[in-house]
Amino acid sequence: MRLSKMLVPTVREVPSEAVAESHKLMLRAGYVRQLAAGLYIYLPLAWRVMTRINRILREEMDSIGAQEVSMPVLQPAEQWQQTGRWSDIKEEMFRLKDRGGRDMCLGMTHEEIMTWLASREIRSYKQMPQMWYQIQTKLRDEARPKSGILRTREFLMKDSYSFDSSVEGLQRSYKLHEDAYHRIFTRCGLKFYQVESDTGMMGGSVAHEFMAVSEAGEDEIVLCASCGYQSNVEIAGSVPSSAVIDPPAPEGGNGIGENEKTGEEVHTPDKRTIEEVSRFLKERPERFMKSILLIAGDGPVLAIVRGDQQLHEKKLQRVIGPFRTANKQEIKDILGVEAGFIGPMGHGDMSIIADPALRVGSYITGANKPHYHRRGVTAGVDFKAAWHDIHVAREGDLCPKCGSPVKIEKAIEIGNIFQLGTKYSQALHAFFLDEAGEEKPIIMGSYGIGPARIAAAAIEQNHDKDGIIWPGNIAPFDVEVIPISADEPEVEAAARRIYEELAAAGVEALIDDRDLRAGVKFKDADLIGIPRQVIVGGRNLKEGLVELKDRRTREIRKVSPQEAVAILKEGISSACESGGGA
RNA sequence: CGGGGCGUAGCGCAGUCUGGUAGCGCGCACGGUUCGGGACCGUGAAGUCGAAGGUUCAAAUCCUUUCGCCCCGACCA
């Protein structure tokens with residue numbers, strides 16, 4: 001491809017609005033342009049990257065026996081109503097009516113439609129397993145599109161669905177995807193982790209996410225270096241470091257220190273938050289209990305975490321179902337005390353959920369009396385609670401499996417896999433007859449990958465101050481040929497010859513044939529980030545040499561044009577085998 | 001949904017507080033000199049100041065409404 005003919009609008013400046021590094025670089029290097037919030041135009045370079053990512057996706061999906069299909073983006077409400085998601089999902093779904101007034105929606109994922117298809121076409125256990133996938137546009141009316149291409153309202157997704165006649169079959173399909181995903185992300189040159197995850201709106205039991213480590217990521221993952229435990233913080237168990245019971249519990253005691261007067265009430269005028277009371281009483285936040293009143297479906301619930309902990313709403317939601325926080329008036333009405341001085345004691349048979357960190361020891365908490373807190377409150381003595389891990393895991397907490405300190409990293413979710421079970425097949429009557437002639441629901445899995453997120457994550461993980469450094473397998477081109485001082489016809493001719501030989505050898509090359517100064521070409525080449533450059537300049541050429549430059553290391557080898565072509569040809573074919581990732 | 005910020009030339013921004021000739025850089029066009037890390041000189045084209053309404057002799061600037069975009073949070077009693 002000739003750069004002079006291509007739409008690659010590189011710019012020197014980028015709006016201060018762009019925050020994520022991948023976003024800035026994609027704008028600057030002429031990969032994307034924004035149409036509206038969460039809607040992006042992929043220019044030729046970006047689209048080539050997407051094409052290459054999708055090629056890898058297709059190869060790996062095909063290799064596990066999945067079959068590509070194409071599904072409507074515009075869908076009738078009916079199937080969504082049958083599974084209940086028509087009402088479960090709220091503003092996130094784009095809805096519309098057709099001219100006949102029928103409710104329709106734009107597909108945000110395709111469980112309903114895939115399952116509907118399966119319900120019509122699969123009747124016997126003999127027809128399974130089946131795996132169907134598509135690479136198509138999904139639409140979600142995101143509350144807050146952000147970070148360029150990372151969270152958009154319209155995006156490409158590779159989604160596949162497995163249909164099995166047994167749980168073992170599902171597990172095989174799941175494993176096949178798991179392994180394929182590892183190959184995909186490795187080939188894409190990403191550093192990633194597979195973590196345990198929440199099933200969210202998908203339903204089902206087992207789920208994993210594939211996470212590319214990046215500051216721009218919206219998720220946090222818990223990693224244990226010693227036993228390999230890896231989990232999204234949304235579900236990660238963790239044991240808060242216990243060095244907080246201070247002074248240490250006496251032998252056989254319950255953690256109450258000797259200078260701790262059980263039940264003592266202390267005047268804490270207008271000190272409501274943990275931070276305020278902690279400073280006022282000169283006690284560390286870990287010595288407090290934090291009580292949070294919530295309104296769940298079955299009535300009020302009091303959630304208790306340690307003063308230094310954060311309540312994790314998603315964890316709690318798994319215990320008590322959907323809930324909201326109580327407002328000030330409700331707190332007064334239900335607990336008879338104003339916010340800020342709530343304690344877990346004496347609330348009759350109200351449901352209390354407490355984090356296990358509070359099982360041992362005694363703590364300071366609200367006295368259920370305005371402007372007073374109480375010392376020495378002990379679980380089991382002063383109140384009874386159901387114990388559930390409801391706190392947010394933090395760096396330095398201990399691994400729930402092996403007890404070593406865990407690390408927390410921000411990450412971009414680039415893929416997910418769900419064991420759905422029969423949620424959708426039951427709802428949509430996707431049944432089959434088994435060996436015994438018995439009717440059973442198809443057992444399903446669903447598996448997603450966001451190609452744009454792969455691209456963005458690759459940039460997040462591979463760039464320097466000058467621009468992008470694409471992993472070889474997903475770069476828009478394999479090589480950029482850069483003729484310098486184009487006035488000299490020999491230079492131009494030599495560059496052209498190299499470019500043509502590369503093309504003939506199956507190496508995808510871009511040639512910067514623009515009539516521009518060397519500096520501009522070098523800057524643009526580094527920005528655009530094609531991993532290898534061949535620089536053809538007058539002086540070197542007189543000695544029969546060109547420069548072969550590695551974008552990442554900036555290492556330059558002077559070789560003859562023939563050698564350059566040979567090396568590049570070799571490099572590409574060997575790079576296809578391995579990606580070079582985590 | 002809540003909070004904050006920003007809409008001025010194709011792009012990036014200043015000007016708004018304190019009303020009075022719309023500016024800078026990049027880019028673009030033309031001419032010349034240059035030509036291995038975003039060259040230089042000269043000339044030039046290009047703006048309904050997001051939109052609507054209002055105040056005023058006079059509005060990019062003040063007031064009201066509205067649309068769009070970005071960021072933070074979705075609350076921790």
Side-chain angles (χ1 to χ4, degrees), chain A residues 9-20 23-24 27-30 33-39 90-92 143-148 151 216 218 268 270-277 285 288-294 300 302-316 324-332 334-335 337-344 355 365-368 370-371 373 390-392 465-467 482-488 491 512 514-528 533 535-541 546-547 549 554 556:
Chain A
T10 57
V11 289
R12 212 184 297 229
E13 285 164 319
V14 108
S16 53
E17 297 179 331
V19 175
H23 187 196
K24 289 190 221 170
L27 287 171
R28 215 150 81 72
R33 288 297 181 259
Q34 183 179 12
L35 174 65
L39 298 175
K90 329 172 287 166
E91 307 98 312
E92 208 182 338
R144 187 145 95 83
K146 58 181 286 200
S147 305
R151 180 167 290 275
E218 299 179 288
T268 50
D270 287 317
K271 302 293 181 280
R272 289 179 171 79
T273 63
I274 294 290
E275 196 190 336
E276 287 165 359
V277 189
F288 291 78
M289 278 183 193
K290 189 150 69 183
S291 311
I292 303 149
L293 185 66
L294 306 158
L302 199 57
I304 321 283
V305 295
R306 207 170 62 187
D308 62 317
Q309 293 177 329
Q310 307 262 101
L311 171 66
H312 199 302
E313 300 198 357
K314 283 199 176 166
K315 283 185 176 178
L316 183 59
R324 61 178 175 83
T325 55
N327 61 40
K328 286 185 166 49
Q329 192 54 47
E330 286 169 327
I331 293 173
K332 270 208 162 127
I334 295 165
L335 299 175
V337 62
E338 89 182 75
F341 306 102
I342 306 171
D355 191 86
T365 186
N368 289 323
H371 310 291
H373 279 72
I390 54 171
H391 68 276
V392 181
K465 65 170 177 35
D466 291 316
I482 308 172
I484 298 302
S485 49
D487 269 1
E488 304 171 54
V491 170
D512 191 349
R514 298 174 301 175
D515 183 18
L516 290 173
R517 301 165 62 82
V520 178
K521 293 188 179 188
F522 289 144
K523 288 289 183 192
D524 271 355
D526 287 350
L527 226 203
I528 288 167
Q533 304 169 1
I535 301 161
V536 186
R539 281 199 292 278
N540 285 315
L541 196 61
V546 297
E547 290 166 69
K549 182 174 170 186
R554 295 165 189 276
I556 291 176

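Chain naming here is simple, since letters A, B, ... match the order of the sequence lines and numbering starts at 1 in each.
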Consider the side chain of A:R517, meaning its heavy atoms from C-beta on, and name the nucleotide among B:G37, B:G36, B:U34 that approaches it most closely. B:U34
B:C70 P sits how many Å from A:H23 NE2, rounded? 8 Å
Gap between atom NZ of A:K521 and atom CD1 of A:I528 - 0.5 Å precision: 12.0 Å
Can you tell me how far C1' in B:C76 sits from the matching atom in B:U66, rounded to whole Å? 36 Å
Tell which nucleotide pairs with B:G27, taking only Watson-Crick or G-U wobble pairs whose two distances are both under 3.5 angstrom. none
Closest nucleotide among B:A77, B:G25, B:G73 to the A:I342 side chain: B:A77
Interatomic distance, CG@A:L27 vs OG1@A:T10, rounded to 0.5 Å, equals 12.0 Å
The side chain of A:R144 is closest to which nucleotide in this list: B:G37, B:C69, B:C71? B:C71
Look at all strands and tell whether A:A18 reaches a base, only sugar-phosphate, or nothing, counting heavy atoms closer than 4.0 Å. nothing
Inter-nucleotide P distance (B:C63, B:C28), Å rounded: 40 Å
Taking the P atom in each of B:A58 and B:A74, what is the distance between them to the nearest angstrom? 49 Å
Under 4.0 Å between any heavy atoms, over every strand shown, what does A:K549 touch: base, sugar-phosphate, or nothing? Just pick one. base
Can you name the one residue among A:H391, A:K290, A:R306 that meets side chain to side chain donor-acceptor pair (under 3.5 Å) with A:D355? A:H391
Sidechain-backbone polar pair: A:R28 side chain, A:E13 backbone, donor-acceptor under 3.5 Å: no
Write down the partner of B:U34 under the Watson-Crick or G-U wobble criteria, each distance required to be under 3.5 Å. none
CZ-CD distance between A:R144 and A:E218, expressed to the nearest 0.5 angstrom: 8.5 Å
Where the side chain of A:K523 is defined as all heavy atoms beyond and including C-beta, which of B:G36, B:G38, B:C71 is the nearest nucleotide? B:G38
What interatomic distance, in whole Å, is found between P of B:C62 and the corresponding atom of B:C26? 30 Å
Looking at side-chain heavy atoms only, is the closest gap between A:D526 and A:R554 below 4.5 Å? yes
Between atom CG of A:D524 and atom CZ of A:R514, what is the distance when rounded to the nearest 0.5 Å? 4.5 Å
Counting only Watson-Crick pairs (N1-N3 plus N6-O4 or O6-N4) and G-U wobbles (N1-O2, O6-N3), all under 3.5 Å, who is the partner of B:G73? B:C1
Is A:P9 close to A:R33 at the side-chain level, that is, under 4.5 Å between some pair of heavy atoms? yes
To the nearest angstrom, how far is A:E17 atom CD from B:C69 atom P? 10 Å
Both distances under 3.5 Å, Watson-Crick or G-U wobble: report the partner of B:G47, or none. none
Categorize A:V305 for me: base, sugar-phosphate, or nothing, with a 4.0 angstrom heavy-atom threshold over every strand shown. nothing
Does a nitrogen or oxygen in the side chain of A:R12 sit under 4.0 Å from OP1 or OP2 of B:G27? yes
Could you tell me the separation between the CG atom of A:L527 and the P atom of B:G38, rounded to a whole number of Å? 14 Å
Using atom C1' in both nucleotides, what's the gap between B:A59 and B:U21 to the nearest angstrom? 15 Å
Round to the nearest Å and state the distance from A:K24 atom NZ to B:C11 atom P. 20 Å
Of the options B:C69, B:C76, B:A39, whose atoms approach the side-chain atoms of A:K290 most closely? B:C76
Look at all strands and tell whether A:R554 reaches a base, only sugar-phosphate, or nothing, counting heavy atoms closer than 4.0 Å. nothing
Heavy atoms from C-beta onward define the side chain here; which of B:G38, B:C11, B:A77 lies closest to that of A:I292? B:A77
Could you identify the nucleotide paired to B:C62, looking across every strand shown and requiring Watson-Crick or G-U wobble geometry with both distances under 3.5 Å? B:G54
What integer distance in Å separates A:R514:CZ from B:G36:P? 16 Å
Who is the Watson-Crick or G-U wobble partner of B:G68, with both distances under 3.5 Å? B:C6
Nearest whole angstrom, please: distance from the P of B:C1 to the CD of A:E92. 16 Å
Go nucleotide by nucleotide along RNA chain B from the 5' end; which of A:V14 and A:E547 gets its closest nucleotide reached first? A:V14
By the Watson-Crick or G-U definition, both distances under 3.5 Å, B:U18 is matched with none
How is A:D466 classified with respect to the nucleic acid when contacts are heavy atoms under 4.0 Å: base, sugar-phosphate, or nothing? nothing
N or O in side chain of A:S16 less than 4.0 angstrom from B:C13 OP1/OP2: yes
P gap between B:A45 and B:A29, integer Å: 16 Å
Round to a whole Å and report the spacing from CZ of A:R33 to C1' of B:G12. 12 Å
Quick one: label A:S147 by what it contacts on the DNA or RNA (base, sugar-phosphate, nothing), any heavy atom closer than 4.0 Å. sugar-phosphate
Just the rounded figure in Å: distance from C1' of B:G38 to NZ of A:K465. 13 Å
Does A:Q34 or A:I535 map to a spot on RNA chain B nearer the 5' end, using the closest nucleotide for each? A:I535
Could you tell me how far B:G7 sits from B:G44 if I compare only their C1' atoms? Round to whole Å. 29 Å
